[in-house]
2 protein chains.
Amino acid sequence: MPESHPAPACFPVTVDVVALTVVDDVLNVLLVTRLIEPFRGRLALPGGFVLPGEDLVTAAIRELAEETGVEQVPGHLEQLGSYGPRGRDPRGDVLTVAHLLLAPNFPVLSAGSDAEHAAWYPVGQVLDGELELAFDHGRMLADAVERAKSKLEYSPLGAAFCGDEFTVAQLRTVYEAVWGTRLDPRNFHRKATGTPGFLEDTGRMTTGETGRPAALFRLAAAARPAAGQPIRAVLNPPLMRPRD
Amino acid sequence: MPESHPAPACFPVTVDVVALTVVDDVLNVLLVTRLIEPFRGRLALPGGFVLPGEDLVTAAIRELAEETGVEQVPGHLEQLGSYGPRGRDPRGDVLTVAHLLLAPNFPVLSAGSDAEHAAWYPVGQVLDGELELAFDHGRMLADAVERAKSKLEYSPLGAAFCGDEFTVAQLRTVYEAVWGTRLDPRNFHRKATGTPGFLEDTGRMTTGETGRPAALFRLAAAARPAAGQPIRAVLNPPLMRPRD
DNA sequence: AGGACTTATCGTCACCTTGACAATAAGCCG
DNA sequence: CGGCTTATTGTCAAGGTGACGATAAGTCCT
């Protein structure tokens with residue numbers, strides 16, 4: 001019965017944000033402590049209901065701002081996927097659209113007030129089961145990390161974890177933190193600097209650090225997020241993570 | 001104001017299915033002719049509203065069945081992404097979750113009755129602008145094709161376009177149709193048969209075709225869709241499509 | 001200042017994969 | 001049977017990768 005329009009059912013729709021960053025060479029995720037039921041006191045991804053007249057990305061940005069105080073999107077934001085509506089909220093069916101944010105380590109508003117308290121937590125602690133998240137947020141996080149791992153292979157998005165300018169070593173620690181592996185600094189340097197359209201030498205160097213000063217790079221124009229366009233440049237051949 | 005729960009707004013939610021297949025060496029997409037406004041008479045992706053108590057995949061399978069008569073999912077189905085809710089339906093805000101189906105060329109119920117008439121159309125005609133789809137379905141199709149192109153590179157999903165058993169040449173025409181390029185049969189054969197965990201020789205051969213008989217393969221167990229698990233085996237190193 | 005230490009960067013080399021392409025195999029078709 | 005078509009096996013050079021040696025150029029300590 002193709003034309004069965006049985007009362008176009010409505011669903012509550014939420015957005016959740018899996019915000020990933022690298023803190024001290026370790027991949028971290030932004031979590032908030034829930035102040036209300038269900039899952040009161042449990043850690044959860046930042047998120048909330050999409051408001052009437054709002055778009056998905058708009059809602060994601062707003063929720064992120066509400067829970068961290070960050071006004072501008074501090075990194076790369078993309079849609080991760082939708083979950084539900086069944087069996088993920090004890091209160092009833094809720095459809096949620098998860099988003100993935102890859103960003104440099106930005107400070108979160110530690111309001112400590114009546115607001116939900118947001119903070120960075122090592123991803124490993126969650127995936128290992130040390131921390132259990134509310135709802136199906138654990139699965140979302142797992143999916144997000146897998147997506148991030150994969151993105152680093154063939155897109156220049158590893159740089160989204162760094163600031164505007166960064167050294168090859170900083171970029172390498174991002175890859176190591178996300179992939180959970182060690183990479184040979186010399187081979188990584190060769191690949192990163194040798195891939196056309198990836199990095200652009202700023203001509204400036206680091207100073208004051210221990211060891212030999214390093215050259216500062218930025219993302220090449222081709223690899224930078226263009227207005228409205230998806231990230232264009234592809235790492236080709238990809239920078240594959242070590243398997244097994 | 002983190003605890004702003006301003007009347008958890010509800011949205012109508014639909015699912016759309018971008019069903020892709022290869023017909024005569026050309027990538028095709030399943031489209032229906034709309035019988036009602038808006039976009040009456042225009043071609044559109046099969047889809048419809050998610051019913052109360054239904055999950056996304058369930059709804060996608062149901063809609064596909066309703067518009068084609070196919071009861072079992074004939075190939076690989078995965079979520080593509082969500083679109084909206086704003087500015088995609090003249091009747092108002094509608095959130096839609098697009099799905100991607102990669103399947104062998106299956107016959108569609110040519111009901112011709114009051115049902116929306118589903119049929120295969122060459123993807124190229126749509127992307128070239130010869131055919132214009134309803135809503136934002138053109139963008140969904142573009143995203144779907146891009147996803148399919150990418151999936152063929154590093155997953156064994158190219159085989160989802162073939163039947164249970166297929167020749168290397170059949171698999172190659174899938175790659176050629178999706179990527180829109182020509183591939184060297186000898187190099188493709190080497191890569192396809194030489195990648196561990198990809199293809200499995202059935203021991204049987206084709207007969208009656210023109211030319212030398214070809215060996216019949218099936219997907220190796222590791223590359224077959226496991227219950228509940230995502231497609232496991234990864235083509236490593238990937239089978240990269242030719243760039244530029 | 002000099003030496004130890006640390007990190008950055010450049011080179012080398014063997015191995016693997018890939019793209020281009022020759023050669024052979026094994027069916028149909030007349 | 002000869003011609004045609006497609007399948008499959010090899011060959012070879014170029015390019016990319018992993019492992020690792022060798023320098024370079026700072027900081028830090030004495």
For the side chain of B/His137 and the backbone of B/Ala44, is there at least one donor-acceptor N/O pair under 3.5 Å apart? no

Which letter, B, S or -, goes with each nucleotide of nucleotides 16-22 of chain C from 5' to 3', with contact meaning a protein heavy atom under 4.0 Å? -SBBBBB

Are a donor atom and an acceptor atom from the side chains of A/Thr206 and A/Thr167 found within less than 3.5 Å of each other? no

Listing time: all N or O pairs from protein to nucleotides 26-30 of chain C that are below 3.5 Å?
none

Between the side chain of A/Glu176 and the main-chain N/O of A/Asp25, is any donor-acceptor distance below 3.5 Å? no

Kindly say whether A/Val26 contributes a backbone atom to a donor-acceptor pair with the side chain of A/Asp24 at under 3.5 angstrom? no

For A/Lys191, salt bridge (charged side-chain N to carboxylate O under 4.0 Å, His left out) partners two or more places apart: none

Protein-nucleotide distance (A/Arg204, atom CZ; C/dA8, atom P), rounded to Å: 17 Å

If we ignore hydrogens and angles and just use 3.5 Å, is the side chain of B/Asp128 paired with the main-chain N or O of B/Glu130 as donor and acceptor? no

Difference in axis direction between the ends of the helix from C/dA1-D/dT30 to C/dG30-D/dC1, five pairs, 10°: 0°

Could you check whether any side-chain heavy atom of A/Leu64 comes within less than 4.5 Å of a side-chain heavy atom of A/Pro74, counting everything from C-beta outward? yes

Which nucleotide of DNA chain D is the first, and which the last, in the 5' to 3' direction, to come under 4.0 Å of a heavy atom belonging to chain B? D/dT5 to D/dT11

Heavy atoms of other groups near B/Arg243 CZ, more than 12 under 6.0 Å: yes

Could you note down all residue pairs passing side-chain hydrogen bond (donor to acceptor under 3.5 Å, both in side chains) where residues 209-221 of chain A supplies at least one of them, sequence neighbours left out? A/Glu200-A/Arg218

Does the side chain of B/Pro225 reach to within under 4.5 Å of the side chain of B/His76, using non-hydrogen atoms? no

Short question: side chain of B/Thr202, backbone of B/Leu216 - any donor-acceptor pair under 3.5 Å? yes

Is it true that the side chains of B/Asp16 and B/Tyr83 contain a donor and an acceptor less than 3.5 Å apart? no

